[in-house]
Amino acid sequence: MGASQKDFENAVNRLKLLKEDPGNDTKIKLYALYKQATEGPCNVPRPPVLDFVSKAKWDAWNALGSLPKETARQNYVDLVSSLSPSPKSSSSGAIGNPPKSESVLMTSRDGITTITLNRPAKKNAITLQMYEDILLAMNAASQDDSTITVFTGNGEYYSSGNDLANFTDNPGGLKLSEDGNLPLRKFVDTFIDFPKPLVAVVNGPAVGITVTLLGLFDAVYASDRATFHTPFSSLGLSPEGCSSYTFPKIMGPSKAVEMLIFGKKITAREACARGLVTEVFPDGTFQEEVWARLKAYAKNPPNAMRIAKQVIRSSEKEKLHAVNAEECRILEERVLSEECINAVLNFFSRKARL
Ligand SMILES: CCCCCCCCCCC/C=C/C(=O)SCCNC(=O)CCNC(=O)[C@H](O)C(C)(C)COP(=O)(O)OP(=O)(O)OC[C@H]1O[C@@H](n2cnc3c(N)ncnc32)[C@H](O)[C@@H]1OP(=O)(O)O
């Protein structure tokens, strides 16, 4: 899995043979990914204010935060591949490896890359393949020409969260990744480090991990039909997606407890009053109003938006990575607990529904 050192060296050489100048934005992205892949996170001092080129390069490198070297290497290889004529390049303007299944769709238009959960018959429950595909889509979206990245769901639901079959189909629990961590850690890290404005267009009810992750989004627009539910306790699980930190910060500890410990389902308007949702729209005009708004926002200068996000988020990144690591450590135990196994079996045997 992932690009090897050899792939990386080949990409470095292929870049030298490019006939067309890829443009300054791309060159800066390549520089940042190269530095991250070879040296790791940026820890050199920021260049003087008037040295614009060095400063832009430093900003791009620094914006990659703690992106693992392997991911940076893969992103670098993907970006170089997208510059050379290759069957993987997409006509939509998206670059990198696109999602592999039809359950995660990726489109790029009007400066917006949209990642759509597309499994309506299962309320957009997220399978292991879909988690992988979301990562591929996010990697591509982080490097393409779009200015804003949007998540939404197809059909009645935004998403019913983690597909509970991820637990039953993997005897002995979810497999840990090569680094010994629950693969969820890498997934959530990608949201923490995502460099562009990330917007959720919550078209209907949202459950579990698709609610907790909202605390890592930059804006959340919801239909008044949407509800927000984190039934972790009744599933024998524990909070994830950094919600143990973001929710108390966003809505205050007691409101966070209601959701994360007692599993209270809240409406879009309640979620807005709690600060989890940015704005609520009537369902009848939701799509029209939200997309018109996003198209206008997407016309803002992309670097200014990216840098503004970095300024707003960077001081919290280290904390969020630490929270994610700890939540995953605890969840690793919870997914093997009797409480969790019984809850999941109950769901599938229809003895108990939420
Ligand atoms: C890079 C790799 C990363 C790997 C990461 C691993 C991740 C581990 C994360 C662990 C942490 C957990 C996070 C969570 O999200 S917990 C929340 C999980 N979700 C739920 O508990 C919701 C379960 N679903 C329901 O309660 C109901 O289905 C719902 C209220 C959503 C809708 O009810 P309704 O009666 O309207 O519809 P149905 O129940 O008939 O649903 C239609 C069909 O869809 C199936 N379905 C729905 N949701 C899920 C789900 N989450 N998992 C599996 N299947 C789901 C349902 O079974 C129906 O299927 P059938 O038509 O075949 O019966």
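Every value quoted in this text rests on a predicted model; they were computed, and no experiment measured them. Atoms within a ligand are numbered from 1 in the order they appear, just like the ligands themselves. The analysis underlying the following values was restricted to heavy atoms, covering all of them including side chains, and did not include hydrogens, waters or symmetry mates.
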Using a 4.0 Å heavy-atom cut-off, say whether Asn166 meets ligand 1 through its side chain, its backbone, both or neither. neither
Looking only at distances, can you tell me whether any N or O atom of Ser160, backbone or side chain, sits closer than 3.5 Å to an N or O atom of ligand 1? yes
Measuring from non-hydrogen atoms of Ala121 to any atom of ligand 1, is the shortest distance under 4.0 Å? yes
Please give me the minimum heavy-atom distance between Leu237 and Cys340, naming the atom from each residue. CD2-SG, 3.7 Å
Could you go through Arg119 and Ile126, starting from their C-alpha distance and side-chain angles, then the distance that decides it, and tell me whether this counts as side-chain contact (heavy atoms from CB on, under 4.5 Å)? CA-CA 8 Å; Arg119 206 180 165 222; Ile126 307 176; over 6 Å; no
Would one find an N or O of Val207, backbone or side chain, under 3.5 Å from an N or O of ligand 1? no
Scan side-chain atoms only and decide if Asn203 and Tyr157 contain a donor-acceptor pair under the 3.5 Å cut-off. no
If you measure every N/O of Glu240 against every N/O of ligand 1, is any gap under 3.5 Å? no
For Gly208, take its heavy atoms, then give the atoms of ligand 1 lying under 4.0 Å from any of them. 14 (C), 15 (O), 17 (C)
Would you say the rings of Phe151 and Phe191 are close, in the sense that their centroids are separated by under 6.0 Å? yes
Give the single entry among Leu128, Thr190, Leu235, Leu135 that approaches atom 21 (O) of ligand 1 most closely by any heavy atom. Leu235
Measuring from non-hydrogen atoms of Leu237 to any atom of ligand 1, is the shortest distance under 4.0 Å? yes
For ligand 1, indicate whether the residue Ala125 contacts it via side chain, backbone, both or neither (heavy-atom separation under 4.0 Å). side chain
Any atoms of ligand 1 less than 4.0 Å from a non-hydrogen atom of Tyr157? List them with their elements. 29 (C), 30 (C), 31 (C), 32 (C)
Between Thr127 and Asp163: side-chain donor-acceptor atoms closer than 3.5 Å: no
Is it true that Tyr158 and Leu294 fall in one hydrophobic cluster, defined by side-chain heavy atoms closer than 4.5 Å? no
Please tabulate, for the side chains in residues 212-222, all donor-acceptor contacts under 3.5 angstrom to protein atoms that are two or more places apart in sequence or on a different chain.
| from | atom 1 | to | atom 2 | distance (Å) |
| --- | --- | --- | --- | --- |
| Thr212 | OG1 | Ile209 | O | 3.1 |
| Thr212 | OG1 | Glu240 | OE1 | 2.6 |
| Asp218 | OD1 | Arg313 | NE | 3.0 |
| Asp218 | OD1 | Arg313 | NH2 | 3.1 |
| Asp218 | OD2 | Leu198 | N | 2.8 |
| Asp218 | OD2 | Lys309 | NZ | 2.7 |

Contact between ligand 1 and Lys186 is defined here as a heavy atom of the residue under 4.0 Å from a ligand atom; is it met? no
Does any N/O atom on Ile209 come nearer than 3.5 Å to any N/O atom on ligand 1? yes
Which atoms from ligand 1 have a heavy atom of Phe167 less than 4.0 Å away? 10 (C)
Which ligand 1 atoms does Lys122 reach within 4.0 Å, using its non-hydrogen atoms? 44 (O), 45 (C), 46 (N), 47 (C), 48 (N), 59 (O), 60 (P), 62 (O)
Show me the pairs that pass salt bridge (Lys or Arg N to Asp or Glu O under 4.0 Å) and involve residues 191-212, at least two apart or across chains. Asp144-Lys196, Asp193-Lys317
When hydrophobic residues are tied together by side-chain contacts of less than 4.5 Å, even through go-betweens, does Val199 share a cluster with Met305? yes
Between Glu289 and Thr285, is any side-chain donor less than 3.5 angstrom from a side-chain acceptor? yes
List every atom of ligand 1 that sits less than 4.0 Å from any heavy atom of Gly161, numbering the atoms from 1 in the order shown and giving each element. 15 (O)
